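Note sheet for the following structure.
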Amino acid sequence: MSANEPSNSGRKLVCYYQPTSYFPASRVPASTCTHLIYAFGTITSAGPGIAPPSSGQASAWNTLTSLRQQNPQLKVMLSLQKDFNLVVGADKSLMQKFAANAVAYLRKYKFDGVDMDWEFPKSSQKAYFATFFQLEIARIYHLGLCFKQVMREAMEQEALETGGDPLLLSLALPNNQYVAATRYDLPAIASNVDFATAMTYDFHLFVKNIDTKTGYNSPLYTTPGDNKYYSASAMAQYYMSQGFTASKLLLGIPTYGRSWMLSSSANHGLHAPAVGKGDPGPYRHLRGVYSFPDVQWAVQSGLGGVGVWSMALDDADNVCGMGSLPLLNTMKGALLGAGGAAHVFPDRDMQDKPTFRNRVHSTQH
């Protein structure tokens with residue numbers, strides 16, 4: 001665990017925050033999550049580096065980082081998702097320049113680190129992305145290039161010498177085992193990140209000619225008839241088999257579900273044929289239904305915590321009568337021992353959730 005990681009037995013409740021009109025940064029609580037990750041910053045070829053924020057982004061960033069005044073242990077990070085192709089490749093000097101500029105940028109805007117959420121590298125970029133992580137984390141700790149096997153020790157030493165907190169480096173891992181195996185050098189990356197969130201959700205969503213049957217969005221265990229890796233526990237076990245220690249691995253949990261337009265109302269069970277995504281709901285006018293968290297498995301399995309997509313999709317307005325952000329607060333109670341009683345969620349539609357994140361559904365099993 002890095003010197004700047006919070007306590008709570010090292011467990012993390014990592015919350016991705018994506019700004020919306022109904023859940024602005026001013027509504028984000030200071031003490032619910034251990035880590036807040038703003039989604040997303042933008043990579044630019046100018047520099048290369050991270051693009052300057054819009055006025056709205058700058059305001060939100062200032063609001064989020066100011067939450068440390070109420071909760072000094074809170075970590076606020078910036079996630080990057082698109083345009084990695086601009087900086088990740090055979091040109092190591094280009095990656096070094098990006099790393100140097102990115103660190104200065106993160107310090108300028110008072111972030112505690114950066115989250116890499118590239119969806120997804122190509123197979124040909126596998127080695128370059130692993131090298132990129134080594135260069136990025138070396139630059140974060142002002143070490144230049146060095147052997148990855150001594151990286152962690154050098155990082156801790158740098159923090160002791162400077163008296164400051166080192167920046168954090170995290171990664172969002174795909175929910176698809178084939179993509180993970182062919183496009184990521186997992187052992188190399190695992191040794192160079194502080195933590196990684198396995199995006200163990202969106203195992204099923206309607207994709208024309210690819211995924212046209214109903215299925216669980218984020219099952220804890222694999223459903224009969226599905227790919228054996230289509231569950232949170234299966235993907236977590238896979239990543240641990242590839243070099244991620246349990247303490248570094250976070251279980252991804254959605255605050256939303258998925259819905260479908262069925263081929264026939266008479267066939268509405270699991271794996272029922274569908275012809276499209278479900279209609280928008282009456283409250284957020286987005287697609288999907290409420291979900292429930294599988295936090296306790298992560299605790300019992302010794303994982304480092306959970307990563308949540310996303311804060312804005314929880315019930316911030318107490319529509320369900322369970323208080324504001326009931327899913328996040330339930331996770332907090334189960335994960336961090338915050339004393340909150342677990343909610344029991346009734347079997348009814350509550351709030352529709354959007355189709356935000358696209359996933360690669362490989363035909364290879």
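Computed from a predicted structure; not experimentally measured. When a residue number appears, it is its place in the shown sequence, counting from 1.
Pairs of residues two or more places apart, or lying in two chains, never qualify as salt bridge (Lys or Arg N to Asp or Glu O under 4.0 Å) while including a residue from residues 31-42. The side-chain hydrogen bond (donor to acceptor under 3.5 Å, both in side chains) analysis of residues 236-245, with sequence neighbours excluded, yields the pairs T245-S247. For residues 11-65, the disulfide (SG to SG under 2.5 Å) pairs, not counting sequence neighbours, are C15-C33. Identified under the disulfide (SG to SG under 2.5 Å) test for residues 170-200, with sequence neighbours left out: none. Applying the salt bridge (Lys or Arg N to Asp or Glu O under 4.0 Å) test to pairs two or more places apart or on separate chains, those with a residue in residues 56-68 are R68-D112. Pairs passing the salt bridge (Lys or Arg N to Asp or Glu O under 4.0 Å) check and including a residue from residues 301-313, sequence neighbours excluded, do not occur.
Using modelled atom types and a 3.5 Å distance limit, the side chains of D117 and Y16 yield no donor-acceptor pair.
Every residue two or more places apart in sequence or in another chain was checked for a side chain to side chain contact (heavy atoms under 4.5 Å, CB included) with A104, and none qualifies. With sequence neighbours left out, the side chain to side chain contact (heavy atoms under 4.5 Å, CB included) criterion links P53 to Q57, A58, W61, Y105, Y109. Taking N71 as the reference, A30, S31, Q73, L74 meet the side chain to side chain contact (heavy atoms under 4.5 Å, CB included) condition, with sequence neighbours excluded. Scanning for side chain to side chain contact (heavy atoms under 4.5 Å, CB included) contacts around T222 gives D226, S231, A234, with sequence neighbours left out.
Proximity of L171 to I189: side-chain heavy atoms (C-beta onward) are separated by under 4.5 Å at one or more points.
Remark: side-chain polar atoms of T214 are paired, donor with acceptor, to backbone N or O of H271 under 3.5 angstrom.
Classified by interplanar angle (parallel below 30°, tilted 30° to 60°, perpendicular above 60°), the ring pair Y230/F203 is tilted.
When hydrophobic side chains of Ile, Leu, Val, Met, Phe, Trp and Tyr are connected at separations under 4.5 Å, L94 ends up as a singleton with no cluster partners.
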Check residues 36-48 and write down every donor-acceptor pair under 3.5 Å in which the side-chain atom is one partner and the other belongs to a residue at least two apart or another chain.
{"residue": "T44", "atom": "OG1", "partner": "A46", "partner atom": "N", "Å": "3.2"}

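To the nearest 0.5 angstrom, L106 atom CG is 11.0 Å from N101 atom CG.
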